Peer 1: 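First the structure, then my questions, so here it is.
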Amino acid sequence: MDLKNRLSEIAETASTEFANTHSMEELETLRVTYLGKKGKLTQVLKGMKDLSAEERPVIGQLGNKVRDEITSQLSEKKALLEKAALDKRLSEETIDVTLPGVKPKKGQGHVITQIMEEIEDLFLGMGYQIVEGNEVEEDYYNFERVNLPKNHPARDMQDTFYITNEVLMRTHTSPVQARALETHDFSKGPLKMISPGKVYRRDTDDATHSHQFHQIEGLVIDKHITMADLKGALEALAKKMFGEDREIRLRPSYFPFTEPSVEVDVSCFKCGGAGCSVCKQTGWIEILGAGMTHPEVLRMSGVDPEVYGGFAFGMGPDRIAMLKYGVEDIRNFYLNDQRFLEQFKVKG
Ligand code: DAH
């Protein structure tokens with residue numbers, strides 16, 4: 001049989017065989033049978049070297065045509081088989097939409113964040129606004145504007161990290177008082193604010209000291225504010241954080257930015273006031289410092305102390321969290337140990 005006939009026969013059998021193929025494996029075997037290195041087509045084309053110069057291009061062309069036909073039949077069949085396989089899978093697979101899903105693990109805020117948000121919620125509910133301050137603060141606002149001039153002895157307790165001689169990491173949230181006072185427009189109403197945030201001190205870290213911790217500052221300035229208003233606000237705080245039965249007491253103290261100044265104690269939430277190890281047998285636990293805003297602080301911010309006055313307070317959420325949850329070492333809050341942190345869920 002000459003090459004021409006053999007090529008036509010290959011083309012013919014290939015097309016019937018492809019048509020009768022029903023699997024990818026069979027198709028692959030056919031591809032090798034026809035187009036492989038030792039395949040039928042290759043075998044025939046090898047015989048071309050014995051042909052005459054006139055016949056060679058004719059057979060060559062025919063050979064190419066047959067190869068193209070087989071190749072395109074092959075890819076058509078492949079596409080068909082793939083589609084059939086997909087259709088089969090889709091019709092077989094079912095999804096049970098009634099199966100319960102995988103519940104994502106819900107995280108929670110850091111325990112200090114949770115405590116701060118709880119306190120923020122309380123004060124927002126009493127009409128206070130939340131004011132953000134700067135952690136990198138000027139000496140001028142951190143100290144001078146809250147009545148702690150250069151060389152004031154009370155600065156000793158608040159050494160910090162300095163950026164330059166005049167710029168430092170704030171040692172308390174009190175500078176926010178000065179910044180809020182100078183921008184507040186008293187013709188629009190009283191200033192009632194709290195300011196939560198991080199503060200810094202050059203302390204040696206131990207169980208009760210950390211070089212970075214948190215404070216929440218409070219300030220209320222209007223025309224007729226008295227110490228009774230301060231006591232009312234702080235009593236609401238003590239009850240919210242430590243239970244409805246709590247009482248507070250005020251003890252005289254000293255802060256340069258308030259006059260008079262007080263330390264605020266809450267009746268012991270553990271023993272109710274009888275005396276226990278939490279309150280060191282006194283029945284009371286100190287929770288914050290407060291007082292009536294010093295006239296000088298108002299004056300320096302351009303507010304007339306003859307007309308306006310009010311109170312301020314400053315508390316440490318770290319200390320409140322330690323008391324509330326019986327945490328004995330403040331450093332636990334900053335180690336980011338999940339096993340420690342996961343224990344605290346203030347809200348649902
Ligand atoms: N700034 C004080 C401190 O860091 C805390 C403080 C006490 C703030 C009394 C106040 C206040 O606003 O009235 O030790």
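This structure is a prediction, so every number in the text was calculated from the model and none was measured. Atoms within each ligand, like the ligands themselves, are counted from 1 in listed order. All values below were derived from every heavy atom in this structure, side-chain atoms included, with hydrogens, water molecules and symmetry-related copies excluded.
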Peer 1: Contact between Gln215 and ligand 1, counting heavy atoms under 4.0 Å?
Peer 2: yes
Peer 1: Do Glu259 and Tyr254 pair up side chain to side chain, a donor and an acceptor below 3.5 Å, judged on atom types alone?
Peer 2: no
Peer 1: Are the charged groups of Glu137 and Arg179 less than 4.0 angstrom apart, N to O?
Peer 2: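 Answer for the salt bridge query: yes.
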Peer 1: On the 0 to 90° scale, with breaks at 30° and 60°, tag the Phe161-His211 ring pair as parallel, tilted or perpendicular.
Peer 2: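 The arrangement is perpendicular - the two ring planes meet at more than 60°.
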Peer 1: Does Ala312 approach ligand 1 within less than 4.0 angstrom via side chain, backbone, both or neither, non-hydrogen atoms only?
Peer 2: both
Peer 1: Within ligand 1, which atoms have a heavy atom of Thr258 less than 4.0 Å away?
Peer 2: 13 (O)
Peer 1: When you measure from the centre of the six-membered ring of Tyr200, is the NZ or CZ of Arg170 under 6.0 Å away and within 45° of the axis?
Peer 2: no
Peer 1: Look at ligand 1 and say whether Met157 reaches it with a heavy atom at a distance under 4.0 Å.
Peer 2: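 Met157: no contact with ligand 1 (<4.0 Å).
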Peer 1: I want to know if ligand 1 touches His172 in the polar sense, i.e. an N/O pair below 3.5 angstrom.
Peer 2: yes
Peer 1: Is it the case that atom CD in Glu328 sees more than 12 heavy atoms from other parts of the structure closer than 6.0 Å?
Peer 2: no
Peer 1: With heavy atoms of Gly291 as the reference, note each atom of ligand 1 found under 4.0 Å away.
Peer 2: 13 (O)
Peer 1: I'd like to check which ligand 1 atoms, numbered from 1 as shown, lie under 4.0 Å from a non-hydrogen atom of Gln177.
Peer 2: 12 (O)
Peer 1: Kindly assign one of parallel, tilted or perpendicular to the pair Phe242 and Phe269, based on the angle between their ring planes and the thresholds 30° and 60°.
Peer 2: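 Ring orientation, 0 to 90° scale: parallel.
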Peer 1: With a 3.5 Å cut-off and no angle check, do the side chains of Arg246 and Ser267 form a donor-acceptor pair?
Peer 2: yes
Peer 1: Please report the shortest heavy-atom distance between Gly275 and Gln281, naming the atom on each side.
Peer 2: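 That would be C-OE1, 3.5 Å.
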Peer 1: Considering only heavy atoms of Arg201, which atoms of ligand 1 have at least one such atom less than 4.0 Å away?
Peer 2: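 Reading through ligand 1 atom by atom, the close ones are 3 (C), 4 (O), 14 (O).
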Peer 1: Check ligand 1 against Ser174 and write out every atom of the ligand that is under 4.0 Å from a heavy-atom position of the residue.
Peer 2: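 Selected atoms, number and element: 1 (N), 8 (C).
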Peer 1: Return the closest protein heavy atom for atom 5 (C) of ligand 1 as residue, atom name and distance.
Peer 2: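 Scanning the protein heavy atoms, the shortest distance from atom 5 (C) of ligand 1 goes to Gly314 CA, 4.1 Å.
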Peer 1: Check ligand 1 against Ala290 and write out every atom of the ligand that is under 4.0 Å from a heavy-atom position of the residue.
Peer 2: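 Contacts of ligand 1 toward Ala290, numbered from 1: 9 (C), 11 (C), 13 (O).
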Peer 1: May I ask you to identify the nearest protein heavy atom to atom 11 (C) of ligand 1, giving residue, atom name and distance to one decimal place in Å?
Peer 2: Phe257 CE1, 3.4 Å
Peer 1: Considering the heavy atoms of Glu217, write down every atom of ligand 1 situated less than 4.0 Å from one of them.
Peer 2: 8 (C), 10 (C), 12 (O)
Peer 1: Answer yes if the ring centres of Phe257 and Tyr141 are under 6.0 angstrom apart, and no otherwise.
Peer 2: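 Ring-ring flag for Phe257/Tyr141: false, centres at least 6.0 Å apart.
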